[in-house]
Chemist: 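Sharing a structure below in structure tokens format, with a few things to ask.
Chain identifiers are assigned alphabetically (A, B, ...) following the order of the sequence lines, protein sequences preceding nucleic acid strands; residue numbering begins at 1 within each chain. This one's a predicted model, so the numbers in the text were calculated from it and none came from an experiment.
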Protein chains: 2
Amino acid sequence: MTHQAILMSYNLLKENIKNNIQISTEDLDTICNHFNPTVIKKKDFLLTQGSIYKYEGFVLEGCFRIFTIDKKGNENTLYFATKDWWLMDIDSFMNQVPSSLNIQALEDSKVLLIDRTDKLKLYESVPAVEKLFRVMSQKALVAWQRRLIRNHTHTAKERYHYFANTYPNIVSKITDKQIASYLGITHEFLSKIKKQS
Amino acid sequence: MTHQAILMSYNLLKENIKNNIQISTEDLDTICNHFNPTVIKKKDFLLTQGSIYKYEGFVLEGCFRIFTIDKKGNENTLYFATKDWWLMDIDSFMNQVPSSLNIQALEDSKVLLIDRTDKLKLYESVPAVEKLFRVMSQKALVAWQRRLIRNHTHTAKERYHYFANTYPNIVSKITDKQIASYLGITHEFLSKIKKQS
DNA sequence: TTATTAAGTTGAACTTGTTCAACTATTTTC
DNA sequence: GAAAATAGTTGAACAAGTTCAACTTAATAA
């Protein structure tokens, strides 16, 4: 990446943080200094099920899929992450237990990564970081609660259209099979849904 | 409540907090001083849909149901809260927007309540509070992700047995209709499931 | 204690979504 | 650019879950 591109990357991260909390320029710089730009090629994994997560990431460019594979071999997609989204496996990262998640790039992607020990240090040295992740986690929590309710109250067809309307930029980057695994239905059935409408 | 009972209540809260983070006795006392013991009678609401949430609560005794009612009039249960659980509507509490949730006591219950402005002050004065709620939110987030995956990978029958085995003390306090609204199925179907097994 | 309301049961017809299998179209790889 | 792998489509039979309606049982209130 050029020097210019790297500066732009950090600006994206800074805007994201400022969107969550009020923070001083100094703190913002300290935080950003711990993130390193990294390129991840299409199909490569930032994390694989069974291994221990050592980095947290912020997506600059590209697209990722966060999913698990169950005993029957079925893939289950938790979410997709594009520009301006965070990549985390909180459980594995915090408790250093083997992850139950895979994080895979769906196209050539750029991320800012922070090392686990660096992040733990940041929690100590910059109190705003606690607040940042408290606020982010709480927002995410609300979103997950809403998604579960949506799953209970809407048919697969309705959920598909909701997803396609809400995240058109993501839909254009992923396969129908991946959408189906996000919606919790078979890809055959998604195909039939799309034909209907 | 007797003086003795009140002391015991605060000990339960303190244990809960210490279970989440390392914290000094002073901070722990400061936090607890902002919580007030309150009695809520069976069927009474701590929060109703459309109103703005002003308190956060910690359950000492009894049982609560947190649910929404959708346009069709169907009830959808997010979760049940018994002793040692927290009662929150993060969205309404943080952003002071009308709540989409109801929090109702299913039996005569006791809670420790903290006022919104008091909690905001606590975030400022006791940094450990940021950490406490960051850690709590992250744990909750992981639990919600797992629940969604479970919903996608298991049948209603399997989910019912998982719930009944994991929370036997809750199951004994609630009706099958409420369980069904938690599982995202009709109470008629739950009745058929129970007959089978 | 009775009257009333709410909870739970059951069956039949229906809708939603799955499974399996065979096929076509599209990407990827060498 | 051909071969191989993966993604998407379609149909038929099936399983999971819903709806409605009628009924029984249990809880609640006057």
Chemist: Quickly work out the Arg159(B) CZ to dA16(D) C1' distance and round it to whole Å.
Modeler: 11 Å
Chemist: Does NZ or CZ of Arg159(A) lie under 6.0 Å from the centre of the six-membered ring of Phe189(A), at an angle within 45° of the ring axis?
Modeler: no
Chemist: Does the ring of Tyr79(B) carry Arg147(B) above it, NZ/CZ under 6.0 angstrom from centre and within 45° of its axis?
Modeler: no
Chemist: Could you give the NZ-to-C1' distance, from Lys157(A) to dT18(C), as a whole number of Å?
Modeler: 18 Å
Chemist: Under 3.5 Å, side chain of Asn102(B) to main-chain N/O of Gln49(B), donor-acceptor pair present?
Modeler: yes
Chemist: Rounded to the nearest angstrom, tell me the gap between atom CG in Leu106(A) and atom P in dT27(C).
Modeler: 15 Å
Chemist: Could you check how far CD1 of Ile193(A) sits from P of dT15(C), rounded to whole Å?
Modeler: 17 Å
Chemist: Give a yes or no on whether the backbone of Phe35(A) and the side-chain of Tyr10(A) come within a donor-acceptor separation of less than 3.5 Å.
Modeler: yes
Chemist: Please write out the pairs of protein N or O atoms and N or O atoms of nucleotides 7-15 of chain D separated by less than 3.5 Å, giving the distance to one decimal.
Modeler:
residue: dA7(D); atom: OP2; partner: Lys177(A); partner atom: NZ; Å: 2.9
residue: dG8(D); atom: OP1; partner: Asp176(A); partner atom: N; Å: 2.9
residue: dG8(D); atom: OP2; partner: Asp176(A); partner atom: N; Å: 3.3
residue: dG8(D); atom: OP2; partner: Lys177(A); partner atom: N; Å: 2.9
residue: dT9(D); atom: OP2; partner: Ser191(A); partner atom: OG; Å: 2.9
residue: dT9(D); atom: O5'; partner: Ser191(A); partner atom: OG; Å: 3.4
residue: dG11(D); atom: O6; partner: Lys192(A); partner atom: NZ; Å: 3.4
residue: dA12(D); atom: N6; partner: Lys192(A); partner atom: NZ; Å: 3.2

Chemist: Would you mind reading off the distance between Ile185(B) atom CD1 and dA7(C) atom P, rounded to a whole angstrom?
Modeler: 16 Å
Chemist: Could you walk me through whether Leu112(B) and Trp86(B) pass the side chain to side chain contact (heavy atoms under 4.5 Å, CB included) check?
Modeler: CA-CA 10 Å; Leu112(B) 288 174; Trp86(B) 288 83; over 6 Å; no
Chemist: Taking only Lys NZ, Arg NE, NH1 and NH2, and the carboxylate oxygens of Asp or Glu, determine whether Glu124(B) and Lys121(B) approach each other closer than 4.0 Å.
Modeler: no
Chemist: For the pair made of CG in Asn151(B) and C1' in dG17(C), what is the distance, rounded to whole Å?
Modeler: 15 Å
Chemist: On the 0 to 90° scale, with breaks at 30° and 60°, tag the Tyr123(B)-Phe133(B) ring pair as parallel, tilted or perpendicular.
Modeler: perpendicular
Chemist: Between the protein and nucleotides 23-30 of chain D, which nitrogen or oxygen pairs come in under 3.5 angstrom?
Modeler:
residue: dT28(D); atom: OP1; partner: Lys42(B); partner atom: NZ; Å: 3.0

Chemist: Return the value, rounded to whole Å, for the distance between atom CG of Asn74(B) and atom P of dC20(D).
Modeler: 11 Å
Chemist: Quick one: Leu183(A) CG to dG17(C) C1', roughly how many Å, whole number?
Modeler: 13 Å
Chemist: If we only count heavy atoms from C-beta on, is the Thr153(B) to Thr68(A) side-chain gap below 4.5 Å?
Modeler: no
Chemist: Quick one about Asn169(B) and Lys83(B) (side-chain donor to acceptor, distance below 3.5 Å, no hydrogens or angles considered), yes or no?
Modeler: no
